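In what follows, a structure is listed as C-alpha cells, so that the remarks can point back to it.
The sequence lines fix the lettering, A, B, ..., with proteins before strands; numbering per chain opens at 1. For clarity, every value in this text was computed on a predicted model and none was experimentally measured. All heavy atoms count here, side chains included; hydrogens, waters and symmetry mates do not.
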Protein chains: 2
Amino acid sequence: MSRLSKGNLLPQTAPTPWATLGPASINQGQCPVRDVLDHIGDKWTALIVLTLKSSPSRFSALHRAVPDISKRMLTQSLRNLERDGLLSRHVFPTKPPAVEYRLTPMGQSFLRHLESLVAWAEENHPAVREARLRFEAANDEG
Amino acid sequence: MSRLSKGNLLPQTAPTPWATLGPASINQGQCPVRDVLDHIGDKWTALIVLTLKSSPSRFSALHRAVPDISKRMLTQSLRNLERDGLLSRHVFPTKPPAVEYRLTPMGQSFLRHLESLVAWAEENHPAVREARLRFEAANDEG
DNA sequence: GCGAAACAGTCTCTATCTTAGACCAATCAT
DNA sequence: ATGATTGGTCTAAGATAGAGACTGTTTCGC
C-alpha cells in the first residue's frame with residue numbers, strides 16, 4: 001500500500017469551481033490564481049516552504065520548526081507540496097528512518113515570491129496593527 | 001543527539017528562517033509572517049483583494065464576482081481586511097443602501113505582491129499539473 | 001534484557017470553521 | 001400587493017483541522 005493513499009488523512013474534496021465560470025475581474029483565462037491561492041492559502045504550506053528556504057529538513061525538524069502544526073497537517077501539506085513538484089522527498093533507510101524534504105527549483109522560485117510577501121509583511125506590520133487598534137477603538141465606542 | 005551519530009545527514013536544529021524575531025514570537029502574534037500568511041491564507045481574502053484591483057465594488061458586486069463565497073464569509077473577510085487597513089468601507093445612505101469597498105494604499109501595495117504570486121502561478125501552472133500527473137501515476141502503480 | 005525515546009507517519013475523536021440558505025427592514029418596479 | 005434588490009445577520013449541517021494515541025523498528029541508558 002502506498003503511503004497515505006487511501007486513509008482519511010487527505011480528503012480529496014473537489015476544488016471550488018469558480019474558475020470555470022467567471023467574472024472577468026479575477027478570472028481572465030484559466031485559473032492559475034486558484035492554484036496558487038489554494039496552496040499558500042493553506043495556512044501551513046507557505047510556512048513550510050519558508051522553513052525549507054536555506055536547507056532541506058527532516059520531518060521531525062520541520063515539526064519542531066513550525067511549532068503549532070500538527071503531524072497530520074504537516075504530512076498533508078508536505079504531500080501536497082510534493083505532489084505539485086515544489087519539493088522532493090527522499091527516504092534514507094537508516095536505523096531510525098530518515099526522510100528529507102527539500103525544495104525543487106520550482107519550489108525555490110515560488111519561495112522568492114513568498115519572500116517578497118514576507119518583506120511586505122515586515123514593512124507593514126506596524127501599520128496593520130495600528131489600523132487594528134483604530135478599528136477596535138471605533139467599534140468599542142459604537 | 002545520539003542516534004544518527006554516523007549518518008549525520010541533516011542538521012536537527014529547527015531553522016525557522018521566517019521568524020526574524022525568533023521562535024518565541026511565532027506563538028505570540030508578533031510574527032509578521034504569520035500575520036500576512038494568516039490573511040492571504042484565508043481562502044477568500046486574497047481573491048477579494050484581487051477582485052478589488054481595478055475598481056471599488058459594492059457588497060453584492062463582490063458577491064457576484066466571487067461566486068462560491070457565502071455572504072457570511074464575504075462579510076467576514078471584508079471586515080478583516082477593513083480591520084487591518086487594507087480596504088475601506090463607505091456607506092451611502094441611499095434608497096437601497098449602498099456600501100462601497102475599495103483598497104487603501106496599503107491594500108494596493110499588498111495587491112502588487114499578490115499579483116507577482118499570480119504571475120508565478122500563470123508561469124508554472126503547466127509544470128505543476130505535469131508534476132501532479134507524475135505523482136498520481138507513481139502512486140497508482142504503487 | 002527491559003523500558004524509553006526517536007524516527008515518520010497514520011488513525012480516531014472532537015473542536016472548530018464554512019456553507020447554504022432563511023430572515024430582516026426599507027424601497028422600488030410591476 | 002408581490003417580488004426583487006440592498007447589505008447584512010443567524011442558525012443548522014456538513015466539511016475540515018487539531019490533539020494525541022498508536023504502529024513498528026532501532027538504538028540508548030541501566
Please determine if a side-chain N or O atom of [X] lies less than 4.0 Å away from the OP1 or OP2 oxygen of [N].
X	N	value
B:R64	D:dG7	no
B:S60	D:dT6	yes
A:W44	D:dT16	no
B:T75	D:dG8	no

(Q) Can you tell me which nucleotide in D:dG18, C:dA8, D:dG8 comes closest to the side chain of B:V99? (A)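 In terms of side-chain proximity for B:V99, the closest of D:dG18, C:dA8, D:dG8 is D:dG8.
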
Q | Nucleotide nearest B:F59 when distance is taken to its side chain, options D:dG8, C:dG9, C:dA8 | A |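 Of the options given, the side chain of B:F59 lies nearest D:dG8.
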
(Q) Using a heavy-atom cut-off of 4.0 Å across all strands, would you classify B:Y101 as base, sugar-phosphate, or nothing? (A) sugar-phosphate

Q.
Each nucleotide in nucleotides 20-30 of chain C should get exactly one letter: B, S or -. Can you fill that in based on protein heavy atoms under 4.0 Å?
A. B------SS--

Rounded to whole angstroms, how far apart are [atom1] on [X] and [atom2] on [N]?
X	N	atom1	atom2	answer
B:L78	D:dT9	CG	C1'	15 Å
A:M73	D:dT16	CE	P	11 Å
B:H63	D:dT9	NE2	C1'	13 Å
A:Q76	D:dA19	CD	C1'	15 Å

